[in-house]
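Sending over a structure as structure tokens; questions will come in a sec.
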Amino acid sequence: MHRVLVIGNSGAGKTTTARRIAAAHGLPFHELDQLMFRPGWQPDPAYPDEVARIAARPAWVLDSWGDRRVRALLWARADTVVWLDYPLRTVLPRLFRRSARRTLRRERIFNGNVEAYREWFSRDHPLRSALRDHRRRRAETGRLIAAHPHLTVIRLRRPAETDARLRRPE
């Protein structure tokens, strides 16, 4: 396990899990949203090139399956996929609590960006995208796994299963 993608729906805990894996295995962690967004939620035009530089390295942990511009590269270069395949009944309350906390506390995320109340009504808000895309993403993940037989896939269906797996030495 040297090049790891931690994937799952928003609210599954990808970033936290990716950080834990990186720390446990002494691997560098990279947060894709941090690379993708500049201040003011502006896309960083250097994002695809930066992700390509990271993917070319011998070791990394990333907290996403990658957007369409980088997905094929990341999946081809990864050796392990940790799939947090949690049901909506798990991720939706997490997303609601996270978004409420970030909004009310004006927490800075991704290069100083702040989640504002008005964004809750956006088509791209994590709550709406989780509801809209959950089934489609699960199906797409299955297709990606089938298309990349070189990968070791660790599919975890409950947070307790993830915690137990991360506590086990490998």
Side-chain angles (χ1 to χ4, degrees), residues 1-37 43-92 94-95 98 110 122-170:
M1 184 160 40
H2 300 288
R3 294 178 308 278
V4 183
L5 291 174
V6 178
I7 66 169
N9 212 333
S10 291
K14 295 182 302 291
T15 302
T16 300
T17 301
R19 282 190 174 119
R20 289 176 67 187
I21 291 169
H25 295 276
L27 301 171
F29 165 71
H30 304 277
E31 187 173 0
L32 280 186
D33 284 339
Q34 180 79 21
L35 299 170
M36 186 184 298
F37 295 109
D44 188 336
Y47 166 76
D49 294 331
E50 182 60 23
V51 172
R53 280 191 287 283
I54 292 167
R57 295 176 185 154
W60 41 261
V61 179
L62 295 166
D63 64 343
S64 174
W65 68 343
D67 74 349
R68 295 208 181 277
R69 295 171 292 170
V70 300
R71 189 173 304 143
L73 171 66
L74 292 177
W75 282 72
R77 288 285 299 152
D79 59 32
T80 305
V81 168
V82 176
W83 181 9
L84 306 179
D85 186 20
Y86 301 164
L88 279 175
R89 71 178 176 273
T90 300
V91 298
L92 289 178
R94 287 175 163 203
L95 280 170
R98 181 182 78 185
F110 319 138
S122 161
R123 183 183 193 301
D124 295 326
H125 189 272
L127 278 166
R128 290 186 67 182
S129 66
L131 281 167
R132 180 186 64 237
D133 298 336
H134 185 75
R135 283 193 183 121
R136 181 190 58 79
R137 277 190 154 207
R138 182 177 273 166
E140 178 66 13
T141 298
R143 286 189 291 276
L144 284 165
I145 289 168
H148 296 87
H150 71 282
L151 292 170
T152 298
V153 178
I154 302 167
R155 187 175 185 181
L156 304 164
R157 297 172 191 256
R158 296 181 350 266
E161 188 179 2
T162 302
D163 288 339
R165 180 69 185 239
L166 290 172
R167 281 193 302 271
R168 245 185 294 157
E170 302 210 15

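Numbering of residues begins at 1 and proceeds along the displayed sequence.
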Interatomic distance, OH@Tyr86 vs CD@Glu161, rounded to 0.5 Å, equals 8.0 Å
Tabulate below the donor-acceptor pairs under 3.5 Å that side-chain atoms of residues 70-81 make, not counting sequence neighbours, or state none.
unit_1 : atom_1 : unit_2 : atom_2 : d
Arg71  : NE     : Gly66  : O      : 2.8
Arg71  : NH2    : Gly66  : O      : 3.0
Trp75  : NE1    : Trp65  : O      : 3.2
Arg77  : NE     : Ala55  : O      : 2.6
Arg77  : NH2    : Ala55  : O      : 3.1
Arg77  : NH2    : Ala56  : O      : 3.3
Arg77  : NH2    : Arg57  : O      : 3.2
Asp79  : OD1    : His2   : N      : 3.3
Asp79  : OD1    : Arg3   : N      : 3.4
Asp79  : OD2    : His2   : N      : 3.0
Asp79  : OD2    : Arg3   : N      : 3.2

Residue set satisfying side chain to side chain donor-acceptor pair (under 3.5 Å) with Thr141, at least two apart, ordered chain then number -> none
**Side-chain touch Phe29/Ile21, heavy atoms, less than 4.5 angstrom** = no
| message | Can you confirm whether more than 12 heavy atoms, excluding those of Arg89, are under 6.0 Å from its CZ atom? | response | no
Q.
Quick one, Leu88 and Asn9 - any side-chain contact, counting heavy atoms below 4.5 Å?
A. yes
OG of Ser129 to CZ of Arg136, rounded to nearest 0.5 Å, is 9.5 Å
Salt bridge (charged side-chain N to carboxylate O under 4.0 Å, His left out) filter on Arg143, not counting sequence neighbours, yields Glu140
Closest heavy-atom pair, Pro48 versus Pro45, reported as atoms and distance to 0.1 Å, is CD-O, 3.5 Å
*Hey, are the side chains of Met36 and Ser64 touching, using non-hydrogen atoms and a 4.5 Å cut-off?*
no
Rounding to 0.5 Å, atoms CG (Leu62) and CD1 (Ile54) come to a distance of 6.0 Å
Legend entry - Side-chain heavy-atom pair Phe110, Leu32 within 4.5 angstrom cut-off: no
In short, Asp63 meets Ala18 closest at the heavy-atom pair CB-CB, 3.9 Å
Of all heavy-atom pairs linking Gly8 and Trp83, the shortest is CA-CD1, 4.5 Å
Between the OG atom in Ser122 and the CG atom in Leu127, the distance rounded to the nearest 0.5 Å is 11.0 Å
Residue set satisfying salt bridge (charged side-chain N to carboxylate O under 4.0 Å, His left out) with Asp163, at least two apart, ordered chain then number -> Arg20
By salt bridge (charged side-chain N to carboxylate O under 4.0 Å, His left out), Asp44 pairs with (sequence neighbours left out) Arg38
Under 3.5 Å donor-acceptor pairs involving side-chain atoms of residues 152-160, not counting sequence neighbours:
unit_1 : atom_1 : unit_2 : atom_2 : d
Arg155 : NE     : Asp85  : OD2    : 2.9
Arg155 : NH2    : Asp85  : OD2    : 2.6

Nearest heavy-atom contact between Pro28 and Ala59 is CG-O, 3.3 Å
Note: Ala130 and Leu95 closest approach over all heavy atoms is CB-CD1, 3.6 Å
One should read off an interatomic distance between Arg53 CZ and Trp60 CH2, to the nearest 0.5 angstrom, of 15.5 Å
